[in-house]
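Following: one structure in structure tokens, then a few remarks.
Within every chain, numbering begins at 1; the chains are lettered A, B, ... in the order of the sequence lines, protein sequences first and strands thereafter. All values reported here derive from a predicted model rather than from experimental measurement.
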Protein chains: 2
Amino acid sequence: MPGRIDCSFYKERTFMKLAMDEAKKAAELGEIPIGAVLVAGDLVVKGHNTVIKDSDPTAHAEIVVIREAAKRLGNYRLIGSSLYVTLEPCIMCVGAIVHARISRLIFGAFDSRYGAVGSMVKAFDMDFNHRPEIISGVFAEESSLLLSKFFKALR
Amino acid sequence: MPGRIDCSFYKERTFMKLAMDEAKKAAELGEIPIGAVLVAGDLVVKGHNTVIKDSDPTAHAEIVVIREAAKRLGNYRLIGSSLYVTLEPCIMCVGAIVHARISRLIFGAFDSRYGAVGSMVKAFDMDFNHRPEIISGVFAEESSLLLSKFFKALR
């Protein structure tokens, strides 16, 4: 509506900008450039893909920030939290989001190959006992561009 | 065939017995009793659920042994490895198994609620670039019994 300011829109962009900065850090380290931010109350945890550096096939950006936030809060449930990630989560990360009871998922670009929110599969439509609110497309173009540049440079 | 000895059957039972011992350890610690063993060449990594102890929603038995084995081998790919787990993996763990390129998955009981190998969903039938060999039902009854006893005691 003209004249109205949607404050949540600015909040989403602020945190996704931080996630994009993390994705860029990952690229500089030779990791697939995906970044994430977990916001739980006053706690803001930033992270990126560390699969190669940590020799950890599970160290996707989402898992990195979920594990760190849960550890810092001393609770394996992150009820009320928001997860920002620059790319549509895969099936593993969707599972982790469900287990952690994350309340809101905001992601950037769709991953046409392995995205599990709607691309390869709609995993949140499965018979889970939890489903977060989902927002997609925040900084999608920037995220896609960063990824395609990264893979182009690899070839 | 009568008179024949299937050696692989004994191997499966030996490693699944170790996984069952891990599941029992988990129960003693108040964690959901699920255990896992990862065999990669000479390396044998044992582990169990540590979700509560580690405040880590991703610390399912499968993820615990995958992360440990990958770290010890200095490689995020566990090609040629076998994963033994006492319960059918969930969607998160199926994703991790794919990412780690685990060659063989041997599990005990089916998880009618959240099992992602055939119960809730057939996740390995999705369009992944990897699919392990799958064996189910090893020590299934013992695994189910341990879980039902645990949840009965909780109530």
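- Of the atoms belonging to B:Val94, not a single heavy atom falls under 4.5 Å from chain A.
- Using a 4.5 Å cut-off between side-chain heavy atoms of Ile, Leu, Val, Met, Phe, Trp and Tyr, with links allowed through other members, B:Ile34 and B:Val44 fall into different hydrophobic clusters.
- Across B:Ala116, B:Ala123, B:Gly95, the residue that shares the most heavy-atom pairs under 4.5 angstrom with chain A is B:Gly95.
- Heavy-atom pairs under 4.5 Å with chain A peak, among B:Leu78, B:Ile52, B:Thr58, B:Ile63, at B:Thr58.
- Following chains of ILVMFWY side-chain contacts shorter than 4.5 Å, one cannot reach A:Val138 starting from A:Phe107, and the two form parts of different hydrophobic clusters.
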Hey, mind stepping through B:Arg67 and A:Asp54 against salt bridge (charged side-chain N to carboxylate O under 4.0 Å, His left out) and telling me if it holds?
-> CA-CA 9 Å; B:Arg67 297 184 78 226; A:Asp54 290 338; over 6 Å; no
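- Residues B:Ser55 and A:Leu73 are not in side-chain contact: their nearest non-hydrogen atoms beyond the backbone lie 4.5 Å or more apart.
- In the hydrophobic clustering of ILVMFWY residues, with side-chain heavy atoms under 4.5 Å counting as a link, A:Phe128 and B:Ile32 come out together.
- Counting heavy atoms from C-beta outward, B:Tyr114 and A:Val98 have side chains that stay 4.5 Å or more apart.
- One hydrophobic cluster, built from ILVMFWY side chains closer than 4.5 Å, cannot hold both B:Leu87 and B:Met92; they sit in different ones.
- The greatest number of non-hydrogen atom pairs below 4.5 Å with chain A, out of B:Cys90, B:Ala69, B:Ala59, B:Ala70, is found for B:Ala70.
- Each of B:Met120, B:Arg77, B:Lys71, B:Arg101 has some count of heavy-atom pairs under 4.5 Å with chain A, and the biggest count is that of B:Met120.
- Here the side chains of B:Val51 and A:Tyr76 are in contact, with some heavy-atom distance below 4.5 Å.
- By the criterion of side-chain heavy atoms lying less than 4.5 angstrom apart, applied directly or through intervening Ile, Leu, Val, Met, Phe, Trp or Tyr residues, A:Val37 is not grouped with A:Val64; the two fall into different hydrophobic clusters.
- Of all heavy-atom pairs spanning A:Ile91 and B:Met126, the tightest one is CD1-SD, 3.4 Å.
- The aromatic rings of B:His60 and A:His99 sit tilted, their planes meeting at an angle between 30° and 60°.
- A side-chain contact (heavy atoms from CB on, under 4.5 Å) with B:Pro57 holds for exactly one of A:Ile97, A:Ile66, A:Asn75; it is A:Ile66.
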